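The structure presented is a predicted model; accordingly, all values stated were derived computationally and were not measured. Just so we're on the same page: letters track the sequence lines, and every chain starts at 1.
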Amino acid sequence: MSTDAQTGRDYRETLFLPQTDFPMRAGLPKKEPEWLERWERIGLYHKLREDAKGRTPYTLHDGPPYANGHIHMGTAMNKVLKDMVVRAHQMSGFDANYVPGWDCHGLPIEWKVEEEFRGKGRAKDDVPASEFRARCREYAAKWVDVQKAEFKRLGVIGDWDNPYLTMRFESEARICDELLKIAKTGQLYRGYKPVMWSPVEQTALAEAEVEYHDRRATQIYVRFPVCAFTLGVSYSDKTAPAPELETMHRVQWSESEAIDTADQDFEDTYIKDVSVVIWTTTPWTIPANRAVCFSPSISYGLYKIEALGDPGFPLGQTVGDKLIVADKLWDNVAKAAHITEFTRLSDVSSELLKHADLDHPLKNMEGADGKFDFAIPMLVGDHVTAEAGTGFVHTAPSHGEDDYMVWFANKDRLEARGIDASVPNTMDDSGCYTDVMPSRFEGLDVIRTSGKKRGQDGKANAEVLKALVECGNLLSRGIMTLRDAHSWRSKAPVIRRATPQWFISMTADHDGRGGLREKAKAEIAKTKFWPERGRNRIGTMVADRPDWLISRQRSWGVPITLIVHEDGRLHTDLPDADAINARILAAVNEHGVDGWFDADIADLMGDDSGGWTKVTDILDVWFDSGCTHAFCLKERDDLPDRADLYLEGSDQHRGWFQSSLLESCAVYGEAPYKGVLTHGFVVDEKGYKMSKSLGNTISPEDLNKQYGAEIVRLWAASSDFTEEVKIGKEIIQTSTDAYRKLRNTLRYMIGALDGYSEADAIDIVDMPALERWVLHRLHELDAVVKDGVENHDYKKIFSTLFNFCTVDLSAFYFDIRKDALYCDPLGSTRRRACRTVMSYIFERLTLWLSPILCFTMEEVWQQRFPSEDGSVHMEQFPDTPDSWHDAVLAENIKSMRNLRDLANEQIEPMRKDGTIKSSLEAIISVFAPVTEIADDLRLDENSWYTDPSNPTDSVADYLIVSHCMFVPQDNSGIFLQVKTLSENAAYTKCPRSWKYFKAENGADITPRDAVAVQQWDAS
RNA sequence: AGGCCGGUAGCUCAGCUGGUUAGAGCGCGCCCCUGAUAAGGGCGAGGUCGGAAGUUCAAGUCUUCUUCGGCCUACCA
């Protein structure tokens, strides 16, 4: 078609078509590793640091992934998001140094290593602790390397050669140091708390280390005689309740319901022969009882026994006894206790129960030695239900989680009443009663720990039952089967047992600032949260949480480097504590955690170490990671002490965000971060979480191989990551399509800019309206990008830029400018202006997208600005002059586009019926009341231009038709008339520009094309 | 079970303090071009906003209930 019918000349060669060898297809899986190599070779990370020297730091502090196993979609997305934030800030004028890190201690690794040793026939106890830890260290190091490679493959840039690890000796020492600082300020204390304990292995077990099996258990109903009512000493009267407990425990002794407990009737009704009944399946915990819990939402009744059946053995209860039981459960209790006739005397309100004190059921036991001679208070417990038992829950704070919680929550009030609120240490490592118990019980075992009957009931249950019978407080006994925790290894039952543990107090106020909780709350108020709801989430958690239990009875972790005296003193209270600490820290710094375990106490303590012992517990790994700000940010010279941003999954509100906040507030009195950004979890395309059993998992590795990391990055950038992020085949396809579109847009500009240099640039004042409009759009985009970076809204950045590419560039600007670009004389203002603007678009689009598409933007950049050791990532986002902004122009172009839409709507049916094929066959008459827009845009009157050597735009150029004329109208409204020129003898199709024109003097091409060809021939 | 959060076209996202026929891009269907060509352009069909009730002159936008999904609920990183 480009060959002219008359001259036979092929004008194609006279056109200025885009020229590039930039491939349309990316081949990402193959190409990406090559870019990684290049960046490695040119030392990009270090160059960035060098470039950014002296700039304001912007620090995203990495939350450490656990060094175990391959990365998954969640960790991949997390790292990609971090990378985008870091790169975007680096290019926004900051020094954005990113130092990745890993969490290396902890149970899962300890487990895997234990398994390994077992595979080699060595039980954990047979492996020396130092050898075991050395192996854990190796294991973690191996996975650090694996994950490091996987993260790097995603394009994440950072100090990979020098990451932080919680297990580096320096880190371990600093973690110890942090704990010692907390101890020194008195925020650390030793308490007791029930944990799952296996008497057989003599070790604490984690939830993941137990399995649930059926177990035959003795169930008993026991009564606790009511001994008194504590009128006027309602707990809430004496002590102001802790705010977080207010709802749960505030039951007022209101004026209207005031009861005179001194009244004889009252005593006869509610005290004399009255008992509260509990039910339990662990009789051996009865001696450890300290309270009975009830629930205000259950209705209780006072029942009098009128007649008893004859079970064939003596009963503790007698006719006339009165029992308080939940109404809903009375029938069960009556049946179990052989009560054949009874009377329900009255309701028993929770107001009343709240003020009741009970006797211990073993108070009058033979050989009690007065050890059960204390009041048993009644406490409100949320865990109490009327589903089973009696509606009352026997509470032994040393042997149950709920029991401990309730007891601990009421600590202040109990102490105000003069009740010893400490948790008794009633059982030793092998599951035998300690000397806290009367001598009658001391040494009795709950579970047999050896021999043929290992795992079966020991002597404790039987002796307790016997004692209860003697006291007349056993109402009933029986056998039942229940599902209960068993050790995974020995299969023996597990007991709940209070062991000495270390806590960081949420309330201890060492500096007059209200304690840890108050400080943390104040810091949360000062922190920025994206999304804002994160503030509330972590806020309620901090407000509600109990003291921080930081000790673990494990091997692979940082030791609690405290030395304790028999009398309870800590070495940190000694005058020479600093010297001792220095020796401890030196040892850990030199030998890692083994430095503590292997150290001789005398060497640490100096002369007098009599009566002192080293603590052998290790720290909760959350404490480790809570210290990353200390041993990474505060230790490294290339990072500030506080981070600008922590960016993790929303689960970290109770994890790292919180542990870091608490640790930092405890030691430094402030949060380690200024801002917190959270993302949701990655789920499948239907919104379900990924799991191996559902078979809906997608691995980043597979995506890298099949599509390229770039697609993963684009997916992350285009998602609303503040909620759950879906991924699936169709979603990946969407990202792939978007990638192609972006790539082709850039490719087109590369081709169009072939041979362009700054010398060809045209000043904005000389540009056609269309070009000035593009600059206006760039100015708008600049604002969107800046705002997006500031608020971490990458989907906004991406979708805005993407729409710009498709709607403004591809379908509008490029489409219109093809004619000028291909056909205008080389030096025409219009063509030069177009290329000038394209260079601006190219530069900005590439730079703005480079934090997201780090590989492709480098490829595109290097294509246009080839260099040996340069990188797009070393550039800064360019300034955009405000002079580019032109609101009036934008309005006018908008009107033109509306006109264009009208034209297209009319052309379309003609195209469908074959009247018109190419839009250049069309000639359009616009009947409109005004033609100001055309005037405002300074459009040429005809489409073959007043000055063919320097063409200016006509309306026809905007509509991509051959000719367009305005016909002024008086009436309002606008309508178009479209005709075809292909059949019109008066018009000739220009074989060069394909436009239809009225040929004069036998010209075969339009005047504009003629000039261009002349010039081309001359050159 | 409880706490927090979310459910807008096939997909990814907009819809501010409640107010005209709920928007965009992609995808899809049809058509055109063949000088961005495993590209480009045009037109078009798709949602009543998870469901129900309520408040209001008016609700995707407020309230309640319900359903589905996600995270968390102390030795698990």
- prompt: Contact class for A:A811 (heavy atom, under 4.0 Å): base, sugar-phosphate, or nothing?
  reply: sugar-phosphate
query: Looking across every strand, which nucleic acid part, if any, lies under 4.0 Å from A:E723 by heavy atom: base, sugar-phosphate, or nothing?
result: sugar-phosphate
- request: Considering only atom C1', compute the distance from B:C26 to B:U20 and round it to an integer number of Å.
  value: 28 Å
- request: Please work out if A:G687 contacts a base, only the sugar-phosphate, or nothing of the nucleic acid, heavy-atom cut-off 4.0 Å.
  value: sugar-phosphate
query: Mind checking the C1' distance from B:G19 to B:A58? Whole angstroms is fine.
result: 6 Å
Rounded interatomic separation in angstrom, taking CE from A:M910 and P from B:G41: 22 Å
- request: Count the heavy atoms belonging to other residues, nucleotides or ligands that lie under 6.0 Å from NZ of A:K796, then report whether that count exceeds 12.
  value: no
query: At under 4.0 Å between heavy atoms, what does A:R552 touch on the DNA or RNA strands: base, sugar-phosphate, or nothing?
result: base
- prompt: Using the P atom in both, what is the distance from B:G27 to B:G41, to the nearest Å?
  reply: 10 Å
field: A:K741 side chain to A:S810 side chain, donor-acceptor N/O pair below 3.5 angstrom
entry: yes
- prompt: For A:C104, does its backbone N or O pair with a side-chain atom of A:W556 as donor and acceptor, under 3.5 Å?
  reply: yes
Pair partner, B:C75 [Watson-Crick or wobble, under 3.5 Å]: none
message: When both hydrogen-bonding distances must be under 3.5 Å and the geometry is Watson-Crick or G-U wobble, what is B:U61 paired with, if anything?
response: none
message: Looking at B:C68, I'd like to know if its phosphate oxygens (OP1 or OP2) sit under 4.0 Å from a side-chain N or O belonging to A:Y688.
response: no
- prompt: Within a strict 4.5 Å, meaning less than it, do heavy atoms of the A:R25 and A:R743 side chains meet?
  reply: no
query: Which of the following nucleotides, B:A38, B:C13, B:G70, is nearest to the side chain of A:E724?
result: B:G70
- line: Of A:T722 and A:N803, the one whose closest nucleotide on RNA chain B sits nearer the 5' end is A:T722
- request: Kindly say whether, by distance alone, the side chain of A:S810 makes a donor-acceptor pair under 3.5 Å with the base of B:A36?
  value: yes
- prompt: Does the pair A:R817/A:D819 count as a salt bridge with the N-to-O cut at 4.0 Å?
  reply: no
query: Touch check for A:S799, heavy atoms < 4.0 angstrom, all strands: base, sugar-phosphate only, or nothing?
result: nothing
message: Would you measure the distance from the P atom in B:A9 across to the matching atom in B:A14 and give it in whole Å?
response: 13 Å
task: Counting Watson-Crick and G-U wobble pairs only, both distances under 3.5 Å, name the nucleotide matched with B:U37, or none.
output: none
statement: Rounded to whole Å, the CH2-P distance (A:W502 to B:C75) equals 21 Å
- prompt: Which distance, rounded to the nearest 0.5 Å, do you find between the CD of A:Q658 and the CD1 of A:I524?
  reply: 7.5 Å
message: Output the rounded distance in Å from CD1 (A:I504) to C1' (B:C75).
response: 14 Å
query: How far does the P atom of B:A59 sit from the matching atom of B:C32, given to the nearest Å?
result: 46 Å
- prompt: Is NZ or CZ of A:R864 both nearer than 6.0 Å to the six-membered ring centre of A:F842 and within 45° of the ring axis?
  reply: yes
- request: Would you sort out whether A:Q733 and A:D737 count as a side chain to side chain donor-acceptor pair (under 3.5 Å), showing the intermediate values?
  value: CA-CA 6 Å; A:Q733 189 56 48; A:D737 290 341; 3.1 Å; yes
field: Minimum-distance nucleotide to A:I731 side chain [options: B:C5, B:C11, B:C75]
entry: B:C11
query: When we call it a touch if two heavy atoms are under 4.0 Å apart, what does A:G106 touch: a base, just sugar-phosphate, or nothing?
result: sugar-phosphate
query: With no angle test and no hydrogens, is the base of B:A77 tied to the side chain of A:W622 by a donor-acceptor pair under 3.5 Å?
result: yes
field: Gap between atoms CG and P, on A:D684 and B:C68 respectively (whole Å)
entry: 17 Å
- prompt: Using atom C1' of each nucleotide, how far apart are B:C4 and B:G44 to the nearest Å?
  reply: 44 Å
- request: Report yes if a donor N or O on one partner sits less than 3.5 Å from an acceptor N or O on the other, where the partners are the side chain of A:E908 and the base of B:G42; otherwise report no.
  value: yes
Gap between atoms NZ and P, on A:K741 and B:A38 respectively (whole Å): 15 Å
Phosphate OP1/OP2 of B:G42: any A:R911 side-chain N/O under 4.0 Å: no
Pair A:F798 and A:F802, ring centroids less than 6.0 Å apart: yes
message: Strictly by Watson-Crick or wobble contacts shorter than 3.5 Å, is anything paired with B:C26, and which nucleotide is it?
response: B:G10
- prompt: Starting at CZ of A:R535 and ending at P of B:C5, how long is that distance when rounded to a whole Å?
  reply: 14 Å
- request: Indicate syn or anti for B:G54, taking the glycosidic torsion and treating anything within 90° of 0 as syn.
  value: anti
- line: Taken to the nearest whole Å, CD/A:Q906 to P/B:C43 is 12 Å
- prompt: Among B:G70, B:G10, B:G42, which nucleotide sits nearest the side chain of A:E730?
  reply: B:G10
- line: RNA chain B nearest-nucleotide lookup for A:N744 and A:L549: closer to the 5′ end is A:N744
- line: Side-chain atoms of A:F802 come closest, of B:G70, B:G25, B:A77, to B:G25
query: Quick one: A:K818 NZ to B:G40 P, roughly how many Å, whole number?
result: 9 Å
message: Which nucleotide wins on minimum distance to the side chain of A:M24, given the candidates B:A14, B:C43, B:U37?
response: B:U37
query: Taking N and O atoms by type only, does the side chain of A:R747 place a donor or acceptor under 3.5 Å from a partner on the base of B:A36?
result: no
message: With a 4.0 Å limit, can you tell me whether A:K726 has a side-chain N or O closer than that to the phosphate oxygens OP1/OP2 of B:G69?
response: no
- request: When you get a sec, tell me which of B:G35, B:G70, B:G42 is the closest nucleotide to the side chain of A:N904?
  value: B:G42
- prompt: Taking 4.0 angstrom as the limit, do A:D824 and A:R831 come out as a salt bridge?
  reply: no
task: Take atom C1' in B:A45 and the same atom in B:C33, then report the distance between them in whole Å.
output: 23 Å
query: Is A:F16 stacked on the base of B:G35 when the test is centres under 5.5 angstrom and planes under 30 degrees?
result: no
field: A:R740 side-chain proximity, nearest of B:G35, B:G10, B:A39
entry: B:A39
message: Any strand counts, and the cut-off is 3.5 Å on both contacts for Watson-Crick or G-U wobble. Which nucleotide pairs with B:U55?
response: none
- prompt: Base, sugar-phosphate, or nothing: which does A:K689 touch, judged by heavy atoms less than 4.0 Å apart?
  reply: sugar-phosphate
field: Whole-angstrom distance between B:U61 and B:G7, as gauged at atom P
entry: 11 Å
query: What's the closest nucleotide to the A:D651 side chain, out of B:G42, B:C72, B:A14?
result: B:C72
message: Counting distance alone, no hydrogens or angles: does the base of B:C5 have a donor or acceptor under 3.5 Å from a partner atom on the side chain of A:R537?
response: no
- line: Paired to B:U21 by Watson-Crick or G-U wobble criteria (both distances under 3.5 Å) is none
